[in-house]
Amino acid sequence: HAKAEGRNNFQFYTSSGKTAALRSLTLEGDLRMALARRELFVEYQPEIDLKTGETVGLETLVRWDHPTLGLIPPLDFIPLAEETGLILPIGEWILSIACMQNAIWHKSGLEPIRVAVNLSGHQFRQRNLIKTIAKTLTNSRLDPQHLELEITESTLMENAASTIHTVKELKSMGVRLAVDDFGTGYSSLSYLRRFPLDVLKIDRSFIRDVTINADDAAITRAIIAMAHNLNLEVIAEGVENEQQLQFLQENNCDMAQGYYYCRPLTPAKLTKHLEKQSSGL
Ligand code: C2E
Ligand code: MG
Ligand code: MG
Ligand code: MG
C-alpha cells in the first residue's frame, strides 16, 4: 500500500511539477516581452466617499492580455514579476501611465481626483524608488497630492526600521500613502503610529461576511476606530452589497470600493463615469 501510494505521489509530483515549471518558464519569457508588445494595460476602480456618494479616488489595477492564454489576472503574474525583478520596469510603467492619465483628466477640465497605485514589496525596497517617483511626477506634472501609493501591511512591517525612512521620504514629496490589505498582517500599533500614513484599506476578507460574522464585524469596527484615533482615513475593500454598505456607513467608515458601486473600468469607460459625475447627473 505504502509503495503504491509513494509511486502515485511520485507521479503526481513529477507531472504536475514539470508542467508548473514549464508553464512558469514560458510565462516568464512571455512576461519579459509583454511590455514591449503592449500586452499590459490598466483599469481603474472608483473609491467612493460614503458621505457624499462621490468618486474621490481611483485604484490602478494592471491586467495582462496574453496572446494565446487570454486575460491573465494580476495575482497570476505579479508574483512571477516580483521573483524575476520584472516588476521594476512593469511597476514603473504602471506608475507613469496612471500619473499621465490622471494629468490628462485634470487638463480636460474634470475635477481633480486622486489616483492610487499599488507598489510591490520589491519596488518598495528598491533604492531608486524615490527618484523614480519624483521623475514620474515631474514628467506628468501631476500634483503629488493626487498620487496615492498603496503598500501592503506585510511589506510595511517586514523591516519596520528601514521602512520608516522610505515612508518618510515619500511623504516629504507630498504623495499620499495607503496601507493595503490591512488586517491580514501583524502590524504593531506602536510602529503604525510612527509612519506618516494617510489611509488604511480594510482587507476584503473582513468585509465579505461583515454582516453575518460577529468577529469580522468587531474587527472592522476596531480598525475604523483605531484609524480615526490615529487621524487616518479608512477605505473598505470589496463592498458587494447594500447591507455591507449600510454597516460601513453606520460605523463611520470614510470610503468604500467594490463591485456594488463599480467594477474596475478601462480608461475610456472611466472618463465617461467621471464626466457624468462632474455634470451632476
Ligand atoms: P488589491 O490591491 O487589494 O486590489 C483590489 C482587488 O480587489 C482587485 O483585484 C479588484 O478588482 C478586486 N475587487 C474590487 N472590488 C471587489 C469586490 O467587490 N469583490 C471582489 N471579489 N473583488 C473586488 P485584481 O485587479 O485582480 O488585483 C488583485 C491584486 O493584484 C491587487 O490587490 C494587488 O495586490 C495586485 N495588483 C493589481 N494591480 C497591481 C499593480 O499595478 N501593481 C502591483 N504591484 N500589484 C497589483
Ligand atoms: Mg491595492
Ligand atoms: Mg487592497
Ligand atoms: Mg486586497
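All values derive from a computational prediction rather than experimental measurement. As the structure lists them, so they are numbered: ligands from 1, and atoms in each ligand from 1.
- Here Glu237 fails the criterion, with no N, O or S atom under 2.8 Å of the Mg ion (ligand 2).
- Applying side chain to side chain contact (heavy atoms under 4.5 Å, CB included) to Ser205 and the options Asp203, Ile202, Asp209, Ile207 leaves one that passes, Asp203.
- In the model, Asn252 has no side-chain atom that pairs as donor or acceptor with a side-chain atom of His228 under 3.5 Å.
- Among the atoms of Asp180, an N, O or S atom is found under 2.8 Å from the Mg ion (ligand 2).
- Residue Pro264 approaches ligand 1 through these ligand atoms, each under 4.0 Å from one of its heavy atoms: 11 (O).
- Interface of Glu237 with ligand 1, defined as ligand atoms under 4.0 Å from a residue heavy atom, comprises 3 (O).
- Proximity of Lys201 to ligand 1, defined as any heavy-atom pair under 4.0 Å, is not found for any part of the residue.
- Within the structure, the salt bridge (charged side-chain N to carboxylate O under 4.0 Å, His left out) test picks out the following pairs touching residues 124-139 (sequence neighbours left out): Glu92-Lys135, Arg125-Glu158.
- Taking the Mg ion (ligand 2) as reference, Glu59 places its N/O/S atom OE2 nearest.
- A 6.0 Å sphere centred on CD of Gln249 holds more than 12 heavy atoms belonging to other residues, nucleotides or ligands.
- Glu150 has its closest N, O or S atom to the Mg ion (ligand 2) at the position named OE1.
- At a 4.0 Å heavy-atom cut-off, ligand 1 does not touch Val42 at all.
- Remark: side-chain polar atoms of Glu153 are paired, donor with acceptor, to backbone N or O of Thr184 under 3.5 angstrom.
- Other cluster members for Val56: Val199, Ile235, Met255, joined by side-chain heavy-atom distances under 4.5 Å among Ile, Leu, Val, Met, Phe, Trp and Tyr.
- Interface of Asp181 with ligand 1, defined as ligand atoms under 4.0 Å from a residue heavy atom, comprises 3 (O).
- Distances from atom 28 (C) of ligand 1 to the heavy atoms of Val62, Leu75, Asp76, Ile90 show the closest one on Leu75.
- Near Leu61, meaning under 4.0 Å from any of its heavy atoms, are these atoms of ligand 1: 4 (O), 8 (C), 10 (C), 11 (O), 25 (O), 37 (C), 38 (N).
- Annotation for ligand 1: atoms under 4.0 Å from non-hydrogen atoms of Glu240 are 17 (C), 18 (O), 19 (N), 20 (C), 21 (N).
- With 3.5 Å as the limit, one finds no donor-acceptor pair spanning the side chains of Thr163 and Thr166.
- The Mg ion (ligand 2) has no N, O or S atom of Thr152 inside 2.8 Å of it.
- Aromatic ring centres of Trp105 and Tyr44 lie closer together than 6.0 Å.
- Close N/O approach between Asn118 and ligand 1 is found [any backbone or side-chain N/O within under 3.5 Å].
- Between Gln45 and ligand 1, a contact under 3.5 Å exists for at least one N or O pair.
- With a 4.0 Å cut-off on non-hydrogen atoms, Glu43 does not touch ligand 1 at all.
- The shortest separation from a heavy atom of Gly91 to ligand 1 is not under 4.0 Å, leaving the residue out of contact.
- No heavy atom of Arg263 sits closer than 4.0 Å to any atom of ligand 1.
- Although no hydrogens or angles enter the test, the distance criterion places no donor-acceptor pair under 3.5 Å between the side chain of Asp198 and the main chain of Arg176.
- A donor and an acceptor atom, one from each side chain of Glu28 and Thr84, are nowhere located under 3.5 Å apart.
- Under a 4.0 Å heavy-atom criterion, Pro73 is not in contact with ligand 1.
- Here the side chain of Glu83 pairs no donor or acceptor atom with the backbone of Leu80 at under 3.5 angstrom.
- When heavy-atom distances to ligand 1 are checked against a 4.0 Å cut-off, Ser120 comes that close through both its backbone and its side chain.
- Not a single N or O atom of Thr60, backbone or side chain, sits closer than 3.5 Å to an N or O atom of ligand 1.
- Judged by distance alone, the side chains of Glu59 and Asn118 do bring a donor and an acceptor atom under 3.5 Å apart.
- Of the possible donor and acceptor atoms, one in the side chain of Asn241 sits under 3.5 Å from a partner among the backbone N and O of Gln244.
- Near Pro74, the atoms of ligand 1 lying under 4.0 angstrom from a non-hydrogen atom of the residue are 24 (P), 25 (O), 26 (O), 27 (O), 28 (C), 30 (O), 36 (N), 37 (C).
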